[in-house]
Amino acid sequence: MTELLKISLPDGSVREMPPGSTPGDVAAAIGPGLAKAALAARVDGEVRDLDRPFECDSELALITAKDEDEALELARHDFAHVLAEAVQALYPGTQITFGPATDDGFYYDVMAPPSREPFGMDDLPAIEEKMREIIKADKLLKREVWTRQQLIEKWESEGESFKAEWAKELPEDEELTVYWSGDDWLDMCRGPHLPSTGRLDPQAFKLMRVAGAYWRGDQKNAQLTRIYGTGWLNKKQLNAHLHRLGEAAKRDHRKLGREMDLFHLQEEAHGSVFWHPKGYRIWRELEAYMRRRMDGGGYREIKTPQVMDARQWEQSGHWGKYRENMFVIPDEVPNTEDEGPVISGEADWMALKPMNCPAHVLVFKQGITSYRDLPIRLGEMGCCHRNEPHGALHGLMRVRQFTQDDAHIFCTEEQVVEEVEKFCELADSVYKHFGFTYEIKLATRPEQRFGSDADWDKAEQELRDAVAAAGMANDEYGWEELPGEGAFYAPKLEWHLTDAIGRTWQVGTIQSDRVLPERLDATYVGEDGGRHRPVMLHRAIFGSYERFIGILIEHFAGRLPVWLAPVQAVVATIVSDADVYAKDVARRLKTAGIRVESDLRNEKINYKVREHSLAKVPHLLVVGKREAEEGTVAMRTLGEKEQRVLPLDEAIAVLTEAGTPPDISTDAG
RNA sequence: GCUGCUGUAGCUCAGUGGUAGAGCGCGUCAUUGGUAAUGACGAGGCCGAGAGUUCAAUUCUCUCCAGCAGCACCA
């Protein structure tokens, strides 16, 4: 008589099952409803297939569609397999490689057979149709354990060179698994999977696009076609997702930037922004805000050269590592007597600054600094140029000319933790003023780096200690470490903002650097009279003005808070008899410091309301005969349906209050 | 930088081997109105740049440039 396996369930009960039984058997024993609903099982914490037998006494939790995260992950992974199977069914000779679940769906990287072109958008409907057939056929997804040799032989015999290459690198001594789809198609996969393709909802996925992707993510390798899909548990979820995508597209900062007349980009300066009056107003408000915050935080603002000799960049280490992304300039007067400017090629090289740090070290190095002077916090609205790969440029988010709210704090070893902690508090206050929540991450030493391991140990620990001291090293602040993600000279804390529709943006950073002070020989005189190296903290809160404004536009969908709105109020007339009064109202508002425009055009009030609403002006002050006689305005606030009639003085008070920046406003804390 | 797609009026986009069209916007005129589009008329284009095929190219082919979606990169 064999011993029964003890299977503990989440409710604390224990079921005894014969050896060889599976989570699916347990589900069936509990009830037919559960057996039908079960998608997979969590066995001792590991997600497994329903039909994979227990190996010993186990803790079991059955996964159903109610466990949405797990269920989605399983479904998306299955969609990816079905996609690969469909592509191969339709286009024999296609090589398959790899296809995981993503945040909103799945993809599969494939290589079209040499006989045809790479797959394109036009192929997607046919592939979708085939996928639905496979789902409707309800093919069993069956796990099997194979040896590495079996896998290699299988892939090589079928001409699947990518899969074969992969199989050869798998460990020889581990259990390697494949999953059958029915009895005519299989993929190498760790699993787990749903019991059968029929568990997928054929109406809950959509193939979205095709794109190039490198085999194993390496630019040197063959480029495959990546077919992207979005996948969900049911049609309702899919539709909700497609709706969200539409909403995100509506708030695209490139679209709103044009519609709101904030900025433009054009070929002649691609990757650099032409700011229009309204867009630059936002910039100026942000800059004024940041100056107040930095002044308040004990920073002193400086301005450093745009162009420096290449030798300076060699010494800092940037020349060797980033030269290809720097704009270099010959230090000579070009000969313009010929048709075009002629460069001799013998001049020294200079470069547009790609960052401000070396220049800040040079400012620090002027004169002799005592330990009594530290910390020294040097800030700069630093305009930098980086020659980014052209394919990387994207609206305001990735540009070739940008201005950082940069600063460098030079301090002693003992001051680092306190300074970083102060920065955490400053950043927290700034992000809250814009209504962002955020997560803090620590990016630690990369494989290629400058500096000793001892220094890296110290630097990483300082950052951890500072975040802990600020009370932010916990789940509430999404605290985690990202191994290998640091800069080549320093580990960094990163602030990842979450915007109004749940997307995340990495914006702020602080880095604890001992390399650059060493390379550029920065010193201070210590208490002992000797020379010491300061630690240099690189930090930014907005990151760059360009990108931060882009993020704000998308976060607020163009409806900026009143203090940032380029035009805070429009005075619009109903009849021309009110023109004189309207001009007076506008003048009074302007005197009160409100950014106001007046609209006296010969248009109907409906038209004016529509136009200024679409332009996202926060306050519309409508005046007609009645208001002119009574000395009032009919104020309509963007996003509200009702207008209210207020005496002019009261309206000015309301607008002044609404337009006060959050760091000045008394009730914003 | 790589792969694919795109480039026509200020914007969004139709269209064609015989050098162009719509809607919105813009201008003029009429209309003076009460909270998301008043009407009529009008102006506006080297059809991204260069080369090739052709009697003829905005249209077909090639090269380049830029944009878009991914990838790679992001001090």
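The chains referred to below are lettered A, B, ... by the order of the sequence lines, with proteins before strands, and numbering in each begins at 1. Quick caveat: nothing in here was measured; it's all calculated off a predicted structure.
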Donor-acceptor contacts under 3.5 Å from residues 208-216 of chain A side chains, at least two apart:
{"unit_1": "W215(A)", "atom_1": "NE1", "unit_2": "E165(A)", "atom_2": "OE1", "d": "3.4"}
{"unit_1": "W215(A)", "atom_1": "NE1", "unit_2": "E165(A)", "atom_2": "OE2", "d": "3.3"}
{"unit_1": "R216(A)", "atom_1": "NH1", "unit_2": "E165(A)", "atom_2": "OE2", "d": "3.2"}
{"unit_1": "R216(A)", "atom_1": "NH1", "unit_2": "E169(A)", "atom_2": "OE1", "d": "3.2"}
{"unit_1": "R216(A)", "atom_1": "NH1", "unit_2": "E169(A)", "atom_2": "OE2", "d": "3.0"}
{"unit_1": "R216(A)", "atom_1": "NH2", "unit_2": "E169(A)", "atom_2": "OE1", "d": "3.0"}

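In RNA chain B, runs of at least 3 stacked Watson-Crick or G-U pairs (N1-N3 plus N6-O4 or O6-N4, or N1-O2 plus O6-N3, all under 3.5 Å) give these stems: B:1-7 with B:65-71, B:10-13 with B:21-24, B:26-30 with B:38-42, B:48-52 with B:60-64.
A distance of about 25 Å separates the P atoms of C29(B) and A37(B), rounded to the whole Å. The gap from the C1' atom of G67(B) to that of A56(B) amounts to 31 Å, rounded to the nearest Å. Atom P of G21(B) sits at a distance of 23 Å from the matching atom of C26(B), rounded to the whole Å. Remark: the separation of the P atoms in C13(B) and U19(B) is 27 Å, to the nearest Å. Spacing between U61(B) and G44(B) at atom P, rounded to whole Å, works out to 33 Å. For A9(B) and C2(B), the C1' atoms lie 35 Å apart once the distance is rounded to whole Å. To the nearest whole angstrom, the two C1' atoms, one in U8(B) and one in U58(B), are 7 Å apart. On the C1' atoms, A57(B) is 30 Å away from A69(B), given to the nearest whole Å.
One can place CZ of R601(A) at 13 Å from P of U28(B), the figure rounded to the nearest angstrom. Separating the CG atom of L265(A) from the P atom of C65(B) is a distance of 19 Å, rounded to the nearest angstrom. E630(A) places its CD atom 13 Å from the C1' atom of G34(B), with the value rounded to the nearest Å. For the pair K608(A) NZ and U32(B) P, the interatomic distance rounds to 14 Å; values are reported in whole Å. Atom CG in L224(A) sits roughly 14 Å away from atom C1' in G4(B) (whole-Å rounding).
Using bins of under 30°, 30° to 60° and over 60° for the plane-to-plane angle, the ring pair W495(A)/Y438(A) lands in the tilted bin.
Near RNA chain B, defined here as any heavy-atom distance below 4.0 Å, there are no residues from residues 438-449 of chain A. Residues from residues 567-574 of chain A lying near RNA chain B, meaning a heavy-atom separation below 4.0 Å, are I574(A) in numerical order.
Between L560(A) atom CG and L256(A) atom CG the span is 9.5 Å, to the nearest 0.5 Å. Atoms CD and CG, on E494(A) and L442(A) in that order, are 8.5 Å from each other to the nearest 0.5 Å. With values rounded to the nearest 0.5 angstrom, Q404(A) atom CD is found 5.5 Å from N356(A) atom CG.
Nearest approach of A578(A) to V623(A), heavy atoms of both residues: CB-O, 3.8 Å.
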Annotated protein contacts, base or backbone, on nucleotides 66-75 of chain B with a non-hydrogen cut-off under 4.0 Å, one of B, S, - each: SSSSBBBBBB
Heavy-atom contacts, protein to nucleotides 36-46 of chain B, under 4.0 Å, summarised as B (base), S (sugar-phosphate only) or - (none) per nt, yield BBB--------
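The side-chain tip of R76(A) points at the ring of W232(A) from less than 6.0 angstrom away and within 45° of straight on.
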Applying salt bridge (Lys or Arg N to Asp or Glu O under 4.0 Å), run through R539(A) and E419(A) and close with a yes or a no. CA-CA 11 Å; R539(A) 42 111 296 159; E419(A) 285 300 313; over 6 Å; no
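The residue E627(A) sits close to a base: some heavy atom pair falls under 4.0 Å.
Among pairs with a residue in residues 501-511 of chain A, those fulfilling side-chain hydrogen bond (donor to acceptor under 3.5 Å, both in side chains) read Y489(A)-Q511(A), D499(A)-R503(A), D499(A)-W505(A), R503(A)-E554(A), T509(A)-Q511(A), at least two apart in sequence or across chains. Every pair passing salt bridge (charged side-chain N to carboxylate O under 4.0 Å, His left out) that includes a residue from residues 383-401 of chain A is listed here, sequence neighbours excluded: E388(A)-R398(A). Residues in residues 621-644 of chain A take part in these side-chain hydrogen bond (donor to acceptor under 3.5 Å, both in side chains) pairs, two or more places apart or across chains: H619(A)-T637(A). Note on residues 270-281 of chain A: pairs passing salt bridge (charged side-chain N to carboxylate O under 4.0 Å, His left out), not counting sequence neighbours, are R281(A)-E285(A).
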Anything under 3.5 Å between a protein N or O and an N or O of nucleotides 8-12 of chain B, put it in a table, one pair a line.
{"unit_1": "C11(B)", "atom_1": "O3'", "unit_2": "R258(A)", "atom_2": "NE", "d": "3.4"}
{"unit_1": "U12(B)", "atom_1": "OP1", "unit_2": "R258(A)", "atom_2": "NH2", "d": "3.1"}

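Residue Y228(A) is tested with Y107(A), Y108(A), F119(A), F205(A) for a ring pair (Phe, Tyr, Trp, His ring centres under 6.0 Å); the sole match is Y107(A). For the salt bridge (charged side-chain N to carboxylate O under 4.0 Å, His left out) criterion with E611(A), the lone passing option out of K616(A), K604(A), R601(A) is R601(A).
Using a distance-only test at 3.5 Å, with no hydrogens or angles considered, a donor-acceptor pair links the side chain of Q95(A) to the main chain of S161(A). Of the possible polar contacts, none joining the K163(A) side chain to the I96(A) backbone as a donor-acceptor pair under 3.5 Å is found.
The side-chain heavy atoms of Q315(A) and D521(A), taken from C-beta on, include no pair separated by under 4.5 Å. Residues S576(A) and L600(A) form no side-chain contact, since every pair of their non-hydrogen atoms from C-beta on lies 4.5 Å or further apart.
Residues meeting the salt bridge (charged side-chain N to carboxylate O under 4.0 Å, His left out) test with D406(A), sequence neighbours left out: none.
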